[in-house]
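Down below is the structure, laid out as structure tokens.
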Amino acid sequence: MANESIIEVKNLTKMFNKFTAVDGINFDVKKGEIFGLLGPNGAGKSTTLRMLSTLARPTKGTAIIGGFDITKNDNEVRKLIGIVSEKMIMYNRLTAKENLWFFGSLFNIPKDVLTKRIDELLELVQLTKWKNAQVGTFSTGMRQRMNVVRALLNLPQVLFLDEPTLGLDPQSSVEIREFIKKLNRENGTTVVITTHMMVDADLLCDRIAIVDHGRIVALDTSANLKKTISGADTTIISLEISNLSPELITALRGLNCVDAVTQENTLTLRIIVHGSEAFDSVIDKVRAMNGKISSMQNLQPSLEDVFLHITGHQVRDTADQKIPQEHKRFGASQQGRIR
Ligand SMILES: Nc1ncnc2c1ncn2[C@@H]1O[C@H](COP(=O)(O)OP(=O)(O)O)[C@@H](O)[C@H]1O
Ligand SMILES: [Mg+2]
């Protein structure tokens with residue numbers, strides 16, 4: 001049972017006119033797994049989830065969910081799944097319970113079963129106290145929990161969650177993550193989430209597919225993904241320079257042993273390097289530019305480093321935040337593609 005796949009994604013592709021949003025991806029999700037699609041805005045995560053949940057048709061390829069083909073047996077697939085996405089509608093004037101009644105009636109669930117189920121699910125997300133309150137009065141976190149309850153009304157075997165912590169405060173994010181874990185543990189629900197938050201992927205997912213430009217560029221457990229950095233001859237250095245200048249950053253990026261440089265704060269750089277001479281080369285370069293090193297540390301790789309190492313850019317790279325990376329080892333194939 002443990003290794004049985006509940007989802008098999010085969011060459012799944014979505015094109016919008018000539019633009020390829022999802023580019024022939026392949027992966028399996030095991031029964032009972034929490035699986036994450038991690039990537040920046042525009043990577044194709046939501047489009048993938050929409051295809052898997054039969055809300056959008058693949059241009060090419062398909063996926064098999066619980067034995068059913070999403071392109072041929074979409075009605076069967078829909079019975080097995082629940083989806084939580086940003087664009088879910090709740091009726092503000094209706095109470096929590098009334099909303100769930102409304103959405104529950106869309107499934108063929110007997111009245112008494114539905115009543116009981118709504119109570120249980122509200123208890124599960126700790127909203128019992130608020131069941132007779134209008135949804136319009138709810139916080140973002142409470143609304144998100146309502147969306148999850150709504151997706152669970154048909155007791156799906158697979159729950160798809162599109163950016164479940166987006167726009168939530170840290171406390172609500174923790175609660176949603178805890179809830180997803182509980183649901184997975186207690187009900188055995190298979191969960192597929194998309195996120196651009198490293199912390200979600202790291203704390204929640206059994207396995208993570210890193211998605212960039214519509215492609216899966218890496219897929220493994222968080223620990224194994226990090227090992228791809230620390231296992232190779234790659235190291236991460238944190239370097240504090242008391243007179244840090246843009247020229248120095250550019251010079252460091254120019255070194256052969258340097259894969260990527262990101263600025264952590266005013267004086268501190270996070271540098272991904274490779275090779276046994278890397279430390280010396282970095283120090284020599286800083287000295288040659290009259291930089292004053294106030295501290296230097298060897299860091300454990302984070303998922304962010306893994307992403308940067310593989311793709312050559314940071315995950316939080318919305319247009320205005322994008323930090324250009326000189327990336328020699330992996331970057332070339334990604335350049336010149338439309339974002
Ligand atoms: N309906 C659509 N029409 C045209 N382009 C779209 C449509 N939906 C998404 N896209 C484009 O496809 C790419 C992937 O989008 P999306 O799947 O929403 O990414 P993500 O969820 O990873 O941020 C983006 O470049 C987006 O602009
Ligand atoms: Mg999205």
Side-chain angles (χ1 to χ4, degrees), residues 38-44 195-199 201-202 208 210-218 222 225-339:
L38 171 71
N41 282 335
T195 185
H196 69 284
M197 306 289 291
M198 296 290 165
V199 56
D202 222 355
I208 301 162
I210 298 184
V211 191
D212 195 31
H213 300 293
R215 291 191 175 162
I216 292 177
V217 293
S222 172
L225 287 169
K226 289 171 188 167
K227 270 189 219 151
T228 60
I229 286 198
S230 51
D233 64 345
T234 301
T235 330
I236 295 145
I237 309 172
S238 170
L239 195 60
E240 189 182 308
I241 299 170
S242 54
N243 56 348
L244 184 64
S245 64
E247 293 75 25
L248 181 51
I249 296 176
T250 308
L252 287 172
R253 287 198 175 126
L255 288 174
N256 273 327
C257 62
V258 171
D259 295 333
V261 182
T262 49
Q263 194 165 349
E264 295 267 284
N265 56 47
T266 339
L267 301 179
T268 311
L269 298 177
R270 191 178 181 99
I271 309 174
I272 305 182
V273 296
H274 67 272
S276 52
E277 313 282 299
F279 272 78
D280 287 339
S281 307
V282 167
I283 294 169
D284 287 350
K285 181 53 83 181
V286 175
R287 296 254 162 81
M289 306 272 302
N290 293 320
K292 294 190 176 62
I293 298 176
S294 41
S295 94
M296 188 164 180
Q297 251 184 302
N298 205 335
L299 300 179
Q300 291 300 315
S302 67
L303 266 186
E304 180 90 40
D305 295 319
V306 176
F307 189 87
L308 185 57
H309 189 245
I310 294 172
T311 67
H313 60 86
Q314 286 180 296
V315 159
R316 48 169 183 277
D317 68 342
T318 51
D320 54 329
Q321 284 178 310
K322 187 154 186 164
I323 301 168
Q325 297 293 330
E326 288 231 2
H327 202 84
K328 301 173 204 77
R329 299 173 94 195
F330 293 87
S333 64
Q334 300 287 351
Q335 277 159 17
R337 301 195 56 184
I338 311 156
R339 292 240 62 204

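Every heavy atom of this structure was used, including side-chain atoms; hydrogens, water molecules and symmetry mates were not.
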For the residue pair Ile241 and Leu267, establish whether any side-chain heavy-atom pair is separated by less than 4.5 Å. no
Working to the nearest 0.5 angstrom, can you tell me the gap between Ile249 CD1 and Met289 CE? 10.0 Å
Asp259 and His274 side chains, donor-acceptor separation under 3.5 Å: yes
Does Asn265 offer a backbone N or O that forms a donor-acceptor pair with the side chain of Gln263 under 3.5 Å? yes
Do side-chain atoms of Arg253 reach the backbone of Val258 as a donor and acceptor pair under 3.5 angstrom? no
Residue among Val211, Leu303, Val306, Asp212 satisfying side chain to side chain contact (heavy atoms under 4.5 Å, CB included) with Leu38: Leu303
Look at Lys226 together with Asp305 and state whether they make a salt bridge at an N to O cut-off of under 4.0 Å. no
Look at the side chain of Asn243 and the backbone N and O of Asn290, then say whether any donor-acceptor pair between them is shorter than 3.5 Å. yes
Please give me the minimum heavy-atom distance between Leu225 and Ile210, naming the atom from each residue. CD1-CD1, 4.2 Å
Determine the minimum heavy-atom distance between Arg270 and Gln300, stating which atoms define it. NH2-O, 3.6 Å
How long is the straight-line distance from CD1 of Ile272 back to SG of Cys257, given to the nearest 0.5 Å? 12.5 Å
Here the pair of heavy atoms bringing Phe307 nearest to Gly39 is CE1-CA, 4.3 Å
Looking only at heavy atoms, the pair that brings Leu248 and Val286 closest together is CD1-CA, 4.0 Å
Apply side chain to side chain contact (heavy atoms under 4.5 Å, CB included) to residues Leu299 and Ile237 and explain how you reach the verdict. CA-CA 6 Å; Leu299 300 179; Ile237 309 172; over 6 Å; no
The reported gap from CG in Asn256 to OG in Ser281 (rounded to nearest 0.5 angstrom) is 8.5 Å
Without swapping roles, check the side chain of Ser294 against the backbone of Glu240 for a donor-acceptor pair under 3.5 Å. yes
For the residue pair Val282 and Leu252, establish whether any side-chain heavy-atom pair is separated by less than 4.5 Å. yes
Side chains of Leu239 and Ile293 in contact at under 4.5 Å (non-hydrogen atoms): yes
Could you measure the distance from the CD atom of Glu304 to the CD1 atom of Ile236? Nearest 0.5 Å is fine. 10.5 Å
Side chain to side chain contact (heavy atoms under 4.5 Å, CB included) evaluation trace for Leu308 with Thr262: CA-CA 9 Å; Leu308 185 57; Thr262 49; 3.7 Å; yes
Please check if the side chain of Thr268 supplies one atom and the backbone of Glu264 the other of a donor-acceptor pair under 3.5 Å. no
Write down the atom of Ile208, the atom of Ser222, and the distance for their closest heavy-atom approach. CD1-CB, 3.9 Å
